[in-house]
Every structure is written in structure tokens, then in C-alpha cells.
Protein chains: 4
Amino acid sequence: MSSNADARPRRGNTRQRIQDVALELFAERGYEKTSLREIAERLEVTKAALYYHFKTKEDILGSLFEDLARPTDELIEWAAEQPRTLETKQEILRRYSEALAGAERLFRFMQENQATMRDLQAGEEFKARMLRLLDVLREPDAPLTDQVRCFSALFSMHAGLFALKDVEGDPEEKRRAILEVATDLVTQAHSDRESR
Amino acid sequence: MSSNADARPRRGNTRQRIQDVALELFAERGYEKTSLREIAERLEVTKAALYYHFKTKEDILGSLFEDLARPTDELIEWAAEQPRTLETKQEILRRYSEALAGAERLFRFMQENQATMRDLQAGEEFKARMLRLLDVLREPDAPLTDQVRCFSALFSMHAGLFALKDVEGDPEEKRRAILEVATDLVTQAHSDRESR
Amino acid sequence: MSSNADARPRRGNTRQRIQDVALELFAERGYEKTSLREIAERLEVTKAALYYHFKTKEDILGSLFEDLARPTDELIEWAAEQPRTLETKQEILRRYSEALAGAERLFRFMQENQATMRDLQAGEEFKARMLRLLDVLREPDAPLTDQVRCFSALFSMHAGLFALKDVEGDPEEKRRAILEVATDLVTQAHSDRESR
Amino acid sequence: MSSNADARPRRGNTRQRIQDVALELFAERGYEKTSLREIAERLEVTKAALYYHFKTKEDILGSLFEDLARPTDELIEWAAEQPRTLETKQEILRRYSEALAGAERLFRFMQENQATMRDLQAGEEFKARMLRLLDVLREPDAPLTDQVRCFSALFSMHAGLFALKDVEGDPEEKRRAILEVATDLVTQAHSDRESR
DNA sequence: GATGAATGAGAATTCATTCAT
DNA sequence: CATGAATGAATTCTCATTCAT
């Protein structure tokens with residue numbers, strides 16, 4: 001019988017707690033403006049303790065991506081193998097929307113710290129993934145507007161995550177609205193194919 | 001014979017040059033990662049010279065907004081006074097697209113440094129402007145999806161500015177494609193009004 | 001044979017050493033004219049080390065007060081509880097004179113950096129203490145001259161600490177002479193009470 | 001017809017105005033904490049203008065002493081020539097008290113910025129004057145206590161200038177009270193001479 | 001009698017990182 | 001698994017001062 005079910009969960013989970021607090025602060029105040037001191041203080045450990053668990057500051061961020069972006073990664077992997085049908089595309093969006101919702105803070109962080117992401121290893125990787133996803137959605141020889149539509153669909157899903165924060169109602173409802181619009185865009189882009 | 005042909009061209013333009021270099025670096029490397037030392041070095045002046053022209057680092061950024069975002073400001077002002085017709089909305093997008101193109105680096109900067117913008121005075125102001133613009137485009141009692149469409153239109157215009165950079169072809173063509181998609185979205189949102 | 005006889009004696013005493021050197025320099029050259037660089041250099045540590053031990057420059061000074069002015073504080077506490085007899089007053093002066101001698105450099109510092117003290121937290125606190133001490137010595141309804149005498153007694157004790165430095169003889173003898181004059185003044189002020 | 005009788009008295013008096021504002025700020029916030037920028041701003045001129053009138057910051061302060069401390073200087077000159085009678089001493093105190101009142105801000109400044117004064121030329125000079133004044137008051141072979149009394153008298157007059165500020169009543173009355181106490185002290189010191 | 005533009009030196013402070021214990 | 005103590009490099013900013021105009 002484990003000793004502390006809901007008591008202060010200290011112990012093997014320090015790594016986890018660092019990640020939690022780090023993500024919270026990174027998302028809240030930005031990567032550069034969050035210092036390791038702050039993270040350590042909020043956790044009531046010393047800065048040196050952080051270095052026991054992670055090699056560098058960038059590493060902490062990296063670990064967040066590894067842990068939180070994996071579902072997204074798998075989704076993209078899966079998507080790349082599907083046939084390029086409309087149904088597939090729609091399903092991809094549906095799943096991507098959920099993936100985003102599941103790691104909201106992380107994606108919000110990315111959205112708001114793009115300049116920072118650019119020279120972080122995790123940033124490069126993420127950008128590559130996005131492009132692969134885009135490649136699944138769009139038709140290479142489609143007119144520019146349709147390409148934009150696909151891009152727009154993706155981007156709106158990202159941005160919607162937090163930009164609609166101070167707009168209105170129930171988050172889940174909003175998510176579905178965004179998904180609907182994105183699906184519309186991709187559908188339209190897909191349909192244009194035939195009329196060419 | 002004029003005294004300094006190519007000698008130190010230290011005329012009244014230093015302030016301008018600071019702004020130029022600052023915007024360049026801010027956009028390129030991000031606000032926090034750009035130090036005043038770098039700006040000064042690139043200009044071959046001392047850091048103190050920057051402080052002769054601007055009170056703080058934030059002030060430099062602020063001045064960029066004042067100078068570059070004014071056309072946008074005036075556009076929004078104008079937009080707020082127009083009747084809420086479809087044509088108006090389309091015209092607004094058209095003009096906004098141009099305004100964005102005219103201050104591309106600045107808007108790219110904003111897009112990529114949102115976390116930073118959040119606690120800058122200029123950030124607050126900009127956000128407020130965006131919301132006003134959104135208010136002109138959307139119908140307050142429209143269904144959520146239509147609201148999202150309007151938001152999406154705006155956001156895609158911003159993001160498109162630079163996110164399409166590493167995608168393809170002629171910038172002007174891309175801009176028009178983005179504008180077209182945005183217009184579609186707003187048009188669709190507007191038209192839904194009747195079918196309610 | 002212990003490992004570092006005269007090697008870097010970098011034990012737990014750094015904080016102390018900072019305080020020592022800081023007080024020395026603050027008293028010698030004034031608070032503003034003493035830079036953290038100087039303190040660090042004289043200690044052969046880096047500036048950052050100072051910040052490990054103290055949050056700010058003002059904090060270093062604050063800590064000196066906390067450590068050195070405590071005896072004085074306790075004395076004032078004690079004084080406030082005594083009956084307002086002449087004997088008490090004399091005893092207070094006697095003790096205060098000793099307290100001053102025990103933290104000579106600190107009081108000299110205060111005396112010579114009043115302008116600085118004014119906007120330091122420690123300054124406010126000290127002033128409040130002085131007024132409380134004065135309140136114990138003087139009779140609230142005594143004539144103005146007697147109030148001045150009490151104030152003068154106190155002030156002379158402070159100033160004497162260092163102003164007599166370049167005057168003459170044995171410090172301890174001087175201290176006693178100052179105390180005697182101060183006692184005279186307070187005694188006179190107290191005696192006047194009856195003749196009113 | 002003169003153009004500006006009571007209008008902004010600009011013109012030949014800038015030097016004066018600099019001195020006024022400088023003294024005001026020096027006394028208010030301390031010498032080091034007062035920057036030339038502040039002085040210039042309050043005068044609505046540029047820093048460079050200050051340098052037209054004074055060679056350095058220290059020079060501004062120096063000029064204040066030259067202008068304001070001259071009466072004191074003359075007094076001391078005069079005092080040094082008088083016979084060493086009790087009446088003389090009393091007269092000296094009386095005059096000195098008035099001299100102090102006439103340049104209150106300057107003396108307050110000195111009192112509160114002793115650490116600064118120490119390495120200013122004006123500081124050295126002033127200290128020398130004080131010692132000469134002290135030499136006129138005290139008897140060289142008097143017991144230590146009596147020497148202290150003289151010193152105390154002088155010092156109380158200085159300190160009283162502003163330390164009694166937050167104590168009570170009418171300034172002029174306070175000045176007289178201080179003078180009275182100082183006179184008492186010197187008288188006592190003088191009288192002891194006989195009883196030796 | 002002043003300004004506009006700049007500089008060189010230096011201030012306080014913060015940060016990511018290291019390492020012996 | 002962690003801390004205490006420290007560092008080196010950087011950062012933003014301020015100051016007294018200079019000088020051509």
C-alpha cells in the first residue's frame with residue numbers, strides 16, 4: 001500500500017513537476033522571460049536540482065515536446081500513409097483538433113513564441129511536421145488559393161486555441177466550430193480538384 | 001567640395017537608422033534576443049547613443065508601431081464608420097491586406113513575438129485594434145462558425161505574411177491568394193446572415 | 001594537517017566577509033560611491049557572488065543594520081519601559097554611548113550619509129528609533145531650550161563618534177567626555193522641570 | 001520699455017538659476033543622486049547649457065559655497081581677530097547662528113552629505129573653517145569636557161538647522177533656543193577656565 | 001548663450017550553468 | 001536526489017562630459 005496517495009506527491013516525480021511548472025511558466029510569460037530561478041522557486045527546489053534532471057533550459061522545453069507532441073507525431077505518421085481522399089483529410093483534421101486540445105498549453109506556447117522556436121531544435125522539428133501535415137492536406141498542383149485554404153485551416157486551428165480565449169463561450173463548442181470551418185476550407189480545396 | 005562624401009554620414013537620420021536596424025533585428029531574432037549592444041554595433045554608434053534617441057528599449061519598439069502601424073490605425077478608424085455591408089467588409093480586407101504588406105516586417109514581428117507583445121504597451125494597443133476590426137467584420141449574433149470564419153480570415157492574413165515565405169512563388173501573387181481566401185470566408189459568414 | 005591553511009578560506013563565512021568589506025567601504029567612501037564591483041574585487045569574488053548572498057545593494061546595507069543596530073534597538077526598547085527619572089535618563093545615555101561605540105563604523109556611516117539614508121528603508125527605521133529615544137529623554141511640556149538640550153545631547157554623541165577623530169587623544173577618554181557633556185545637558189533639562 | 005518685467009526672467013541670470021535649482025536638488029536628494037540631467041530638465045535647458053556656465057558638476061557646488069559661505073567666511077575672519085573674551089565668543093555664536101540661517105539649504109546639504117563633501121574641494125575648505133572657528137571658541141588647555149562642549153555647541157547649531165524640522169514650532173524660535181543652548185555650553189566651557 | 005548629438009566609463013542586476021559535497 | 005556557493009558573460013540603463021554648430 002503506497003504511503004502518499006494524494007499527499008504532496010514528492011519523490012520520483014520531480015522531473016514531472018519540473019515539466020509542469022516549466023510549461024505553465026513558458027506559456028504564461030514566454031520562454032526567454034521565464035528564468036530557471038522562477039521555475040525552481042515555484043517548485044521549492046534549487047536551480048541545481050533542475051540540472052540534475054535536465055541538461056539545459058532548452059532541454060526542459062525539448063522534453064515537453066517529446067512528451068506532449070508525440071500523439072501529434074503519431075497522427076502525422078498515420079496520416080502520411082492514408083490515401084489522399086476527402087474523408088481521410090477530414091478525419092485528419094478531426095484528430096488533429098483533438099491532439100491540439102490535448103496539449104493546449106504547449107501549442108499556445110509555440111504560437112506565441114515563434115521567434116524563439118526558430119532557433120530551438122524542437123522548433124525546427126515542429127515546423128517540419130507541420131509541413132508534412134500540410135502536404136497531406138493539399139494537392140501539389142492545386143491553384144494557390146486552395147493551397148492557402150489548407151494552410152489557413154491548419155493555422156486557424158492553432159491560433160484558435162488561445163486567440164478565441166477572450167471572445168466567447170464554451171471551449172469545447174469553440175473547438176468544434178473551428179474544426180468545422182477548417183473542414184470546410186479543406187473540403188472546398190479538395191473539391192476544386194475536380195473542376196480543374 | 002562637400003566635407004563628408006562617404007565619411008561618417010552622421011546627419012539627422014540616426015533616429016531613423018536605429019529604427020531600421022532595430023526592426024530588422026527584432027524581426028530576425030526576436031525582441032528579447034536582440035540586445036541594444038547588437039543594434040548599436042551594427043550602426044557603429046555606442047549604446048548610449050541609442051538612449052539619446054529613445055528612453056528605453058521598449059520605446060524603440062513603441063516608436064516602430066507609432067510610425068508603421070498608423071496606416072493600419074487609420075484604416076480601422078475608417079472601417080468603424082462604414083455601413084456593415086458586404087462590400088464594405090470586402091473593401092476593408094482589401095485595404096488591410098495592403099496595409100499589412102506595407103509593414104510586413106513589423107507584422108511578422110508581432111506574429112512571432114506574441115508572448116513578448118503581451119506585456120508591452122504596444123501589444124495591448126494592437127490587440128484592442130484587432131478586436132475592433134473583428135467587430136466590424138462579424139455579425140454579433142451570428143453562429144459561432146461564422147464568427148470563427150471572420151477571425152480566421154484576419155488571422156490568416158497575418159500569418160500568411162511570413163508563414164508562406166518558405167512555401168512557393170511570387171509574394172504579390174500569394175498576397176492576392178490569401179486575400180481571396182479571406183474574402184471568401186467573410187463573404188460566406190456575411191451571407192449566412194440571411195439564411196438564418 | 002588541514003587541507004587549506006591559508007588557501008582560499010572559502011567556508012561559510014562569505015556573507016560575513018561581504019558585510020565587513022561593505023561596511024568598511026560604505027563608511028570610508030560613502031554608499032553611492034561604493035560600487036559592488038569594488039566590494040567584490042576586494043573580496044576576490046565576482047559581483048554575482050554578492051547577489052547570491054544579498055538581493056540588492058540596499059539589502060547589504062540593510063543587513064548591516066539588522067546585525068549591528070540590534071543592541072541599540074533593544075536598548076531603546078528597554079528605555080521605553082523605564083520610569084522617567086533622572087537616573088534612568090542618565091543610565092540610558094551611558095548605555096547608548098556604549099552601544100554607539102560598539103558599532104562605530106555603522107553610526108559614522110549614518111552620520112555622513114544622511115541624504116542617502118533618507119530614501120533607504122533602514123534610514124526611516126533608524127529615524128523612528130531616534131525619535132523614540134528622544135521621547136524618553138525629554139519632557140513633552142518642557143520649554144524649547146530644554147528640548148533642544150536633549151536633542152543636542154543625543155546628536156553630540158553621534159557626531160562625536162567621528163568628528164572628534166582628528167582632534168585629540170585617547171578614544172575612550174573622548175567617549176567619556178562626550179557622555180559627560182551629554183549627561184550634563186539632559187540633567188539640566190530634567191532639573192528645569194521642577195523650577196517651572 | 002523693458003520687454004519682460006515680471007515675465008519669465010530669462011537672460012543674464014541663467015547662471016543664478018542653475019545655482020538655485022542645483023542647491024534645491026542637492027539639498028533635497030543628495031549630491032550624487034542629483035544628475036545634471038535633472039537640473040537641466042527642471043530649468044528647461046539642455047545639459048550642455050550647464051557646461052557653458054560651469055566647468056564641472058563639482059564646480060556648480062563649488063560656486064554655491066563661494067557665494068553662500070562667504071558671509072560665514074568673513075565672520076570667521078573677523079572672529080579670529082577678536083580678543084578671546086566670553087563676550088566675543090557669545091557674539092560669534094550669535095552671528096554664526098544668523099549666518100547659518102541665511103544659507104540654511106547649503107548647510108543642510110553639508111550636514112547630510114558629509115561623505116560626499118570629504119572628497120570635494122569645498123569640503124576640505126569648509127572643514128578647515130570649522131576648525132578655525134572651534135579654535136576661537138575653546139581654550140587649548142581646557143579639560144576635554146570643555147572642548148567637547150564647544151564642539152557640541154557648534155555641531156548642534158548645524159544639526160539643529162534641519163533635524164528639528166519635524167519636531168515642533170516656529171523656526172525662528174527654534175533657532176533662538178538652539179543659540180541659547182549653544183551659548184550656555186560655550187559659557188560654561190569658558191567659565192571653567194577660572195576654576196582650574 | 002545655447003543646442004543636438006554623441007561618447008566612454010561604469011553602474012546594478014540577471015541568467016544559465018557548474019561542481020564539490 | 002539534491003543543495004550551497006559560485007562564476008562568466010551579458011543585459012539595460014545612467015552619468016558626466018565633449019564638441020561642432
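In what follows, chains carry the letters A, B, and so on, assigned in the order in which the sequence lines appear, proteins first and then strands, with residues in each chain numbered from 1. Here the structure is a predicted model, which is why all the values come from computation and not from measurement.
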Notebook entry, point to check: Hey, what's the ring geometry for C:Phe26 with C:Phe109, parallel, tilted or perpendicular (30° and 60° as the breaks)?
Noted result: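 Rings of C:Phe26 and C:Phe109: tilted, 30 to 60°.
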
Is the shortest heavy-atom distance from the side chain of [X] to the side chain of [Y] under 4.5 Å?
X       : Y       : result
D:Leu25 : D:Lys33 : no
D:Tyr31 : C:Glu32 : no
D:Thr14 : D:Tyr52 : no
A:His53 : A:Ser63 : no

Check: Below 4.0 angstrom, N of the basic side chain to O of the carboxylate: do B:Arg29 and B:Glu38 qualify?
Finding: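 Result for this pair is yes, salt bridge flagged.
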
I want to check one thing: is the phosphate of [N], taken as OP1 and OP2, less than 4.0 Å away from some side-chain N or O of [X]?
X       : N      : result
A:Thr14 : F:dA2  : yes
B:Ser35 : F:dT11 : yes
C:Arg37 : E:dA11 : yes

Notebook entry, point to check: Taking for each residue the nucleotide of DNA chain E bearing the nearest heavy atom, is the 5' side occupied by C:Tyr31 or by B:Arg15?
Noted result: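 Per heavy-atom nearest nucleotide, the more 5' residue is B:Arg15.
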
Between [N] ([atom2]) and [X] ([atom1]): distance, integer Å:
X       : N      : atom1 : atom2 : answer
C:Ile39 : F:dA6  : CD1   : C1'   : 17 Å
C:Ile60 : E:dT13 : CD1   : C1'   : 12 Å
A:Glu32 : F:dA10 : CD    : C1'   : 14 Å
C:Glu44 : F:dT7  : CD    : C1'   : 15 Å
D:Lys47 : E:dG1  : NZ    : C1'   : 18 Å
D:Gln16 : E:dG1  : CD    : C1'   : 17 Å
C:Lys33 : F:dC15 : NZ    : P     : 16 Å
B:Leu36 : E:dA11 : CG    : P     : 20 Å

Checklist line | Bracket string, DNA chain F, 5' to 3' - pairs by Watson-Crick or G-U geometry under 3.5 Å, | interstrand | finding: .||||||||||||||||||||

Notebook entry, point to check: Short question: side chain of D:Gln114, backbone of C:Gln111 - any donor-acceptor pair under 3.5 Å?
Noted result: yes

Next item on the list: Name every residue in residues 48-58 of chain C that has at least one heavy atom under 4.0 Å from any atom of DNA chain E, in order of residue number, or write none if there are no such residues.
Entry: C:Ala48, C:Tyr51, C:Thr56, C:Lys57

Next item on the list: Considering non-hydrogen atoms only, spot the tightest contact between A:Arg105 and A:Asp20 and give its length.
Entry: NH2-O, 3.9 Å

Margin query: Please identify which of these residues, A:Leu68, A:Asp67, A:Leu61, meets the side chain to side chain contact (heavy atoms under 4.5 Å, CB included) condition with A:Phe65.
Written below: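 Answer to the side chain to side chain contact (heavy atoms under 4.5 Å, CB included) test with A:Phe65 among A:Leu68, A:Asp67, A:Leu61: A:Leu61.
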
